[in-house]
There are 2 protein chains.
Amino acid sequence: MPFSYEYARPALTVDCAVFGLDEQDLQVLLIRRGQEPYEGRWALPGGFVHVDETLDEAALRELEEETGLRKVYLEQLYTFGGIDRDPRERVVTVAYYALVKLSDHKVKAATDAADAAWFDVNDLPELAFDHREIFEVALARLKGKVRYQPIGFELLPRKFTLTQLQRMYETILERKLDKRNFRKKILGMDLLVALDEVQKDVAHRAARLYKFDDRRYRKLVKQGFSFEI
Amino acid sequence: MPFSYEYARPALTVDCAVFGLDEQDLQVLLIRRGQEPYEGRWALPGGFVHVDETLDEAALRELEEETGLRKVYLEQLYTFGGIDRDPRERVVTVAYYALVKLSDHKVKAATDAADAAWFDVNDLPELAFDHREIFEVALARLKGKVRYQPIGFELLPRKFTLTQLQRMYETILERKLDKRNFRKKILGMDLLVALDEVQKDVAHRAARLYKFDDRRYRKLVKQGFSFEI
DNA sequence: TTTCTTGGTGTATGAAATACACCAAGATCG
DNA sequence: CGATCTTGGTGTATTTCATACACCAAGAAA
């Protein structure tokens with residue numbers, strides 16, 4: 001045991017609630033544990049923080065190792081320090097949440113990682129440790145934050161229709177929005193760029209595609225603009 | 001060195017940005033460091049997390065040990081994990097912010113703790129470690145949160161006047177509010193109880209005192225009410 | 001009793017949120 | 001090839017909420 005300290009130290013981990021958006025509903029990415037404790041249980045991806053990496057780096061590294069995901073939108077959530085979170089010893093975990101474009105990543109996550117799978121947020125299996133609680137906090141944060149910051153776009157493909165956008169908000173906020181009012185509001189913000197392009201392979205009139213103008217958003221924010229759905 | 005581990009572990013600390021409200025302005029409580037590194041510098045109160053206490057417990061304990069403060073409003077802020085935050089070794093810190101009623105605590109903090117003092121948030125000395133950054137994040141959080149949750153009351157005495165309340169918001173948000181509109185709005189929320197009592201010892205007409213009805217607030221929240229200034 | 005300071009009140013205007021329904025486009029099907 | 005079906009796309013009227021704004025009252029001090 002080569003590392004010794006004068007006082008006992010908690011172990012430090014990161015865990016990550018990764019959200020993705022299906023056509024129908026919000027999903028979260030879980031991995032099946034291969035070892036005790038909680039062997040065979042589903043859990044949030046995560047692992048130990050190395051002493052030479054930052055917390056964000058640890059979260060990104062674990063995410064890639066365990067699920068194959070890269071370049072996700074990642075944000076620190078909360079740090080959980082309950083004394084008996086882990087039956088082995090004291091473990092403090094810095095929780096993150098991540099948003100991914102399922103359209104890009106769905107296949108990858110299903111193949112690269114042996115035992116990773118997406119679950120509907122309303123139908124989760126029992127989770128290891130206090131991961132159910134972490135998940136709840138993450139979901140609450142997502143629901144709260146999506147209204148005041150344009151993070152929802154991270155869940156959609158780069159080019160999306162207004163209907164997709166509206167459905168995303170309806171799914172996360174769990175309430176219906178009025179189509180005309182929604183369009184008036186979102187287009188009025190002047191954050192979307194209408195592309196010269198429409199949907200393909202749909203069995204009805206194809207909708208116009210838009211993309212989110214991040215550069216413009218940051219500029220407006222500097223001028224005091226504040227996003228709100 | 002009695003505690004040994006297979007892999008190197010970062011040390012884990014808590015730090016706390018404690019805010020109080022003067023007549024004039026927002027203040028933060030700092031302590032002067034008695035040891036290297038940064039000996040003599042001002043810093044946020046904080047210290048190591050014991051292996052048998054939660055993070056919240058650690059924050060409360062350190063706060064009492066270093067500043068004499070008890071029963072403060074405390075909330076976890078963010079966890080800072082930069083690799084070189086501390087020149088000695090890797091230290092990850094879970095930062096908190098706290099709100100105290102200066103009216104109750106001012107004397108205490110000034111006497112109990114040898115080297116603790118309140119500073120105007122707009123006129124801070126140089127701080128140790130990355131405490132300046134932690135402070136900035138805490139202040140930003142306070143400014144953001146005070147508008148959407150009734151945490152501002154934690155900075156006022158239990159019984160306060162509407163003018164005090166308005167000044168608190170003006171100080172934190174750094175903008176003037178209209179007296180009549182402010183009163184209309186805050187009284188319309190039905191969260192304040194008008195007491196049969198007025199200010200004492202003022203050289204002008206004494207204002208009515210109010211208190212915040214926390215029970216009622218929680219009830220309204222359950223019914224979907226959301227606070228906003 | 002005069003003066004000075006802060007307390008306390010209502011209304012009119014503009015901006016934004018909401019409620020609401022129909023025609024158009026285009027693929028599919030008989 | 002016309003009928004049908006599904007989703008796309010649009011505007012106005014109403015209500016609600018935010019804002020702007022000024023004067024008298026109370027009470028202590030001079």
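Note that the coordinates shown come from a computational prediction; the quantities given were computed from them, not determined experimentally. The chains referred to below are lettered A, B, ... by the order of the sequence lines, with proteins before strands, and numbering in each begins at 1.
- Under the 4.0 Å criterion applied to side-chain N and carboxylate O atoms, A/E174 and A/K143 are assigned as salt-bridge partners.
- A/R61 has a carboxylate O that lies under 4.0 Å from a charged side-chain N of A/E65, or vice versa, which qualifies the two as a salt bridge.
- Of all nucleotides in DNA chain C, those with any atom nearer than 4.0 Å to a heavy atom of chain B start and finish, going 5' to 3', at C/dT5 to C/dT11.
- Remark: A/E154 CD to A/Q149 CD distance equals 11.0 Å, nearest 0.5 Å.
- The nearest heavy atom of DNA chain C to A/D178 and to B/Q199 marks one nucleotide each, and the one closer to the 5' end goes with B/Q199.
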Strictly under 3.5 Å: I want the nitrogen or oxygen pairs between protein and nucleotides 14-19 of chain D, one per line.
from   : atom 1 : to     : atom 2 : distance (Å)
D/dT19 : O4     : B/K184 : NZ     : 2.9

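- A donor-acceptor contact closer than 3.5 angstrom links the side chains of A/R183 and A/T163.
- Partner A/F119 forms a ring pair (Phe, Tyr, Trp, His ring centres under 6.0 Å) with one of A/F135, A/F19, A/W42 and no other, that one being A/W42.
- No contact: B/T161 has no heavy atom under 4.0 Å from any strand.
- Among the atoms of the strands shown, only primed sugar atoms or phosphate atoms (P, OP1, OP2) are found under 4.0 Å from some heavy atom of A/R208.
- Once rounded to the nearest 0.5 Å, the distance linking CG of B/L165 with CZ of B/R167 reads 11.5 Å.
- Rounded to 10 degrees, the angle between the two end axes of the helix from C/dT1-D/dA30 to C/dG30-D/dC1 is 10°, with five pairs used at each end.
- Among the candidates B/K159, B/K211, B/R208, the single residue satisfying the side chain to side chain donor-acceptor pair (under 3.5 Å) test with B/E197 is B/K159.
- Using a 4.0 Å cut-off between charged nitrogen and carboxylate oxygen, A/E126 and A/R132 do not count as a salt-bridge pair.
- Remark: the A/D25 side chain and the A/T171 side chain contain no N/O donor-acceptor pair separated by less than 3.5 Å.
- Under the 4.0 Å criterion applied to side-chain N and carboxylate O atoms, A/E170 and A/R175 are not assigned as salt-bridge partners.
- In this structure, the NE2 atom of B/H204 is 16 Å from the C1' atom of D/dA30, given to the nearest Å.
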